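Please read the structure below before turning to the comments.
No experiment lies behind these values; they were computed from the predicted model shown. Both ligands and their constituent atoms are indexed starting at 1 by order of listing. Numbering of residues begins at 1 and proceeds along the displayed sequence.
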Amino acid sequence: MKVLVIGSGGREHALAWKLAQSPGVKHVWVAPGNGGTELDANLENLPLTDFNELADFAQREGVTLTVVGPDAALAGGVVNVFKSRGLPIFGPTKEAAELEWSKDFAKGFMQRHKIPTAAYATFSDAQEAHAYIDAQGAPIVIKADGLAAGKGVVVAMTLEEAHAAVDSMLEGDRFGAAGSRVVIEEFMQGEEASFFVVSDGKDFVTLSTAQDHKRLLDGDNGPNTGGMGSYAPAPIVSPDVRAKVLSRVVRPTLAGMASEGRPYAGFLYVGLMIDAAGEPRVVEFNARMGDPETQVIMLRLKSDLLPLLQHAAKGALGPDVELEWDRRAALTVILASQGYPDSPRKGDVVHGLPVAPQDDVVVFHAGTTLKDGQLLTSGGRVLCVTALGESIKQAQHRAYEAASTIGFDGMQFRRDIGWRAIKPHH
Ligand code: AMP
Ligand code: GLY
């Protein structure tokens, strides 16, 4: 069997790493991949990004299944292109992925289907947006409507910040076309968690929960990033919270998408805010796996991933799938380049990567590239040092120990990944 993974980040390295372990898999290509997927003896990089060229390749090679990593490819309709040519692919169509690529669509959808989320209003007129903010007060949350690489959200603690965010999104050019509409939301208090399901359009199976750290600096300070680390499972998602998420969010979402003529097949990422009373609300939907949540989830998944995704892609998951999970916890620490997230520097030499495989530790690559046999940084998030442990604390210890030998000029990383799950709860 042959597998093609579309994307080039740490999420795609982790998906490809896991898919390569499926019995019967002969080839796993990652398109375009990164330095780590090129170094990995079980994976091959494929220097293609054009959807038709990818489909030509899949057809020519007889690829068993293509798995899509990033939201941009989904929003661009890569699944539609493959499906129109009868090629097997796992991921939502462009229409289904609108749950992620338009916040306005997602909010309207949740309202139509009574899915708990923050109250909101959408504006394209700056003056109306300013008036709404003054009427609502701070804190308040301002979001650019389209995909903005995780940077289109401003959680404004003051009215000044809120007004400035509207000006920069609607009048400035910060997010290009993505900023021509803004969604303004009620600020939700609580703790966040990431909840994942694999859906075939009708039936679904849940994956491990996880929690990521979006802020750049220790103590959840500094600017938002794509994610500086994560761990799984997320203790905040108790069995009671999980039951609420399934009945109030996951089931109505899948049923609602089907009833609106956009059946949702693919990974569904539900970003949750869970308040002190254990009531979950949706912060956002993503039409893909999380990054860096995938890295920890793939380390914990014991079941074979390929048949699961193949069945889901065919609409043949069935209602009774159960997955087997390592009972241990997993934690990943992101090593990021100088200047991340605003202006990451590229081209620094990476040294000290473990040469021999280590027990229960995997270093997934994100922004790396191989040049003349040398591994160089090539993006903001460079490496994801991922470890299993008997507890989150132990997984944390192992990950930081493994990270301690690795270095490159300007390397930055958080030293407190997992703190919410490790600090004593009262
Ligand atoms: P998003 O891209 O929608 O996930 O937003 C990025 C981050 O902003 C989230 O992970 C939250 O930390 C925060 N956020 C977004 N919406 C809200 C909200 N309504 N209330 C509080 N925090 C929010
Ligand atoms: N870890 C956050 C995301 O993938 O959007």
Problem set entry | N/O separation below 3.5 Å, Arg288 to ligand 2 | yes
Exercise. For ligand 1, which atoms, with element, lie under 4.0 Å from some heavy atom of Glu192?
Worked result: 9 (C), 10 (O), 11 (C), 12 (O)
Seminar exercise, completed: The atoms of ligand 1 lying under 4.0 Å from a heavy atom of Lys214, numbered in the order shown, are 10 (O)
Exercise. Side chain, backbone, both or neither: which part of Gln189 has a heavy atom under 4.0 Å from ligand 1?
Worked result: neither
Problem set entry | Any donor-acceptor N/O pair, Ser102 side chain to Glu98 backbone, under 3.5 Å | no
Exercise. Okay, side chain of Gln394, backbone of Ser391: is any donor-acceptor separation there less than 3.5 Å?
Worked result: no
Exercise. Does any N/O atom on Arg11 come nearer than 3.5 Å to any N/O atom on ligand 2?
Worked result: no
Problem set entry | Closest to atom 19 (N) of ligand 1 (judged by heavy-atom distance), picking from Lys143, Glu284, Glu100, Glu185 | Glu185
Exercise. Do Arg398's NZ or CZ and the ring of Tyr400 fall within the cation-pi criteria of under 6.0 Å and 45°?
Worked result: no
Problem set entry | Any donor-acceptor N/O pair, Asp304 side chain to Ser22 backbone, under 3.5 Å | no
For this session: Taking only heavy atoms of Met273 into account, list the atoms of ligand 1 that are under 4.0 Å away from them.
Result: 21 (C), 22 (N)
Exercise. Between Thr225 (side chain) and Leu216 (backbone), is there a donor-acceptor pair under 3.5 Å?
Worked result: no
Exercise. Is there a nitrogen or oxygen of Asp291 sitting under 3.5 Å from a nitrogen or oxygen of ligand 2?
Worked result: yes
Problem set entry | Ser230 to ligand 2, any heavy atom closer than 4.0 Å | no
Seminar exercise, completed: Paired with Pro292, the side chain to side chain contact (heavy atoms under 4.5 Å, CB included) test is passed by just one of His213, Arg11, Arg381, namely Arg381
